Amino acid sequence: MRTLKSTPAADGFRMPAEFEAQAGCWMLWPQRPDNWRREAAPAQAAFAAVAAAIARFEPVSVGVSRARLTEARSMLPAAARLVVLGSDDAWMRDVGPTFVVDTHGQRRGVDWRFNAWGGKCGGLYSSWRRDDRVARRVLALEGADRYRAPLVMEGGAIHVDGEGTCLTTEECLLNPNRNPHLTREQVQRHLCDYLGVSTVIWLGRGVYKDETDGHIDELCCFVRPGEVLLTWTDDRADPQYDISREALERLQQARDARGRRLQVHKLIQPGPLTMTREEADGIRQLAGSHPRRAGDRLPASYINFLIVNGGLIAPLLDPRRDGAALATLRRVFPDRQVVGVPAREILLGGGGIHCITQQVPAMQRC
């Protein structure tokens, strides 16, 4: 693995859309007792279920601390590849590399700078050194050259259409706890340089109470070029209503990199959902970590799904709404097998199925 001094765009590389062909997927094994209740046992069962669903469609690799290898092997599907890989938590989307490809069959990776979603000004835990090394380690294991980006960012903050357009939110990437020294124009320039895009569509705020400061992967994503899914509620009294309404207005006014207007599909939100007393009591409340309390609203969203080869792994979060959400996903993705996996235990830790996974695109030749 080489660390390159250029940028992906300058070298003819781009980030492919998630609906393009994939070579596999990466995850991390959860174990933090101050984030996952009951010593992470319920979360581990949920992660294992997600890994099993992915393995039906494509290879899955899981990074595990050496001390938890036996535990993880006993719970994960036999098809899952386990790799000794230290981390501070288990959000592979945000700490793993963003892969880029060119037309000559090469694959490289972008290693964003990571500060636990805010560093000393709102970060979710006080030490993130091991997390900031995960992307480099994954790229070495994949045999992919590395770009170290000059931008504090997480993979959940971006979605691309593979044709030159990036979606993100102002709440996250313009937050002073990420890159206070950069202007909006400079942040956008870095996105273009490191994702190989030419157009950035900025939405305002992310999902209500999202502790990542408004990641786009909870709010909105590309279905295919020219089409997006947007989390939605018709309840005007819900704080999410104004957030989604503003996002809809911006999307309707936007043009993608090829000049197209976007078709917007609405996806109903779960709940609202809150953390129960039993769930909160199972978490060790430690100094330096984000507190989790009974009654806290959870950043629940069906948008936080994972696209895989021929399939889509969707979170099951609310029995009252799961059926309608799955029906929408099957309508919008008619050529994919939609598989629902219970994901409340992942949500209790602050995210969803998309947050705990990172796809590896297939190498492409044109």
Side-chain angles (χ1 to χ4, degrees), residues 1-18 20-28 61 63 85 87 91-117 128-169 172-173 178-179 182 186-200 212 215-217 221-222 257 306-307 354-364:
M1 178 191 72
R2 298 176 298 165
T3 297
L4 306 169
K5 300 299 184 182
S6 54
T7 68
D11 294 340
F13 283 76
R14 67 177 179 95
M15 180 185 176
E18 295 180 22
E20 296 184 50
Q22 298 179 15
C25 183
W26 275 87
M27 300 175 65
L28 289 165
S61 300
L85 178 58
S87 62
W91 305 104
M92 182 58 90
R93 177 67 50 180
D94 291 348
V95 303
T98 295
F99 286 95
V100 292
V101 298
D102 69 1
T103 57
H104 304 295
Q106 296 185 84
R107 182 172 57 220
R108 296 174 179 174
V110 179
D111 180 1
W112 309 103
R113 299 176 190 273
F114 181 73
N115 73 350
W117 308 275
W128 52 84
R129 287 188 302 168
R130 287 181 297 180
D131 273 351
D132 197 36
R133 293 196 293 260
V134 167
R136 183 183 187 123
R137 174 70 171 141
V138 169
L139 291 172
L141 291 165
E142 290 288 342
D145 289 336
R146 166 182 176 257
Y147 298 96
R148 178 63 162 167
L151 191 66
V152 175
M153 199 188 78
E154 309 86 35
I158 52 172
H159 267 300
V160 299
D161 68 352
E163 295 188 353
T165 313
C166 173
L167 277 171
T168 193
T169 70
C172 181
L173 287 195
R178 299 298 204 282
N179 301 282
L182 297 179
Q186 289 171 323
V187 171
Q188 182 159 314
R189 183 70 260 160
H190 285 318
L191 292 177
C192 292
D193 287 343
Y194 285 87
L195 300 176
V197 300
S198 58
T199 298
V200 177
T212 66
H215 272 186
I216 194 70
D217 70 352
C221 68
F222 283 105
L306 175 70
I307 297 175
H354 191 261
C355 302
I356 66 171
T357 55
Q358 179 63 267
Q359 73 278 354
V360 181
M363 295 185 186
Q364 303 175 11

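The chain is numbered in sequence order, starting from 1. Quantities reported herein were computed from a predicted structural model and do not represent experimental measurements.
- Heavy atoms only, all atoms of each residue included: F99 and A144 are closest at CE2-CB, 4.4 Å.
- In terms of heavy atoms, V134 sits closest to S87 at CG2-CB, 3.9 Å.
- For the atom pair CG of L141 and OG of S61, the computed distance is 8.5 Å after rounding to the nearest 0.5 Å.
- Ion pairing between D132 and R148 holds under the 4.0 Å rule for side-chain N and carboxylate O.
- Counting heavy atoms from C-beta on, the side chains of R178 and W117 come closer than 4.5 Å.
- Screening V187, N115, L191, N179 for a side-chain contact (heavy atoms from CB on, under 4.5 Å) with M153, the sole residue that qualifies is L191.
- For the residue pair W26/E142, the side-chain donor-acceptor check at 3.5 Å is satisfied.
- Aromatic ring centroids of H215 and H354 lie 6.0 Å or more apart.
- G164 and V197 make their closest contact through O-CB, 3.3 Å (heavy atoms, listed as atom of the first residue, atom of the second, distance).
- Within a 6.0 Å sphere centred on CZ of R107, other residues, nucleotides and ligands contribute more than 12 heavy atoms.
- M92 has its side chain out of reach of C25: every pair of non-hydrogen atoms, C-beta onward, lies at least 4.5 Å apart.
- Pairing each heavy atom of D102 with each of G12, the nearest pair is CB-O, 3.3 Å.
- L167 and I216 make their closest contact through O-CG2, 3.9 Å (heavy atoms, listed as atom of the first residue, atom of the second, distance).
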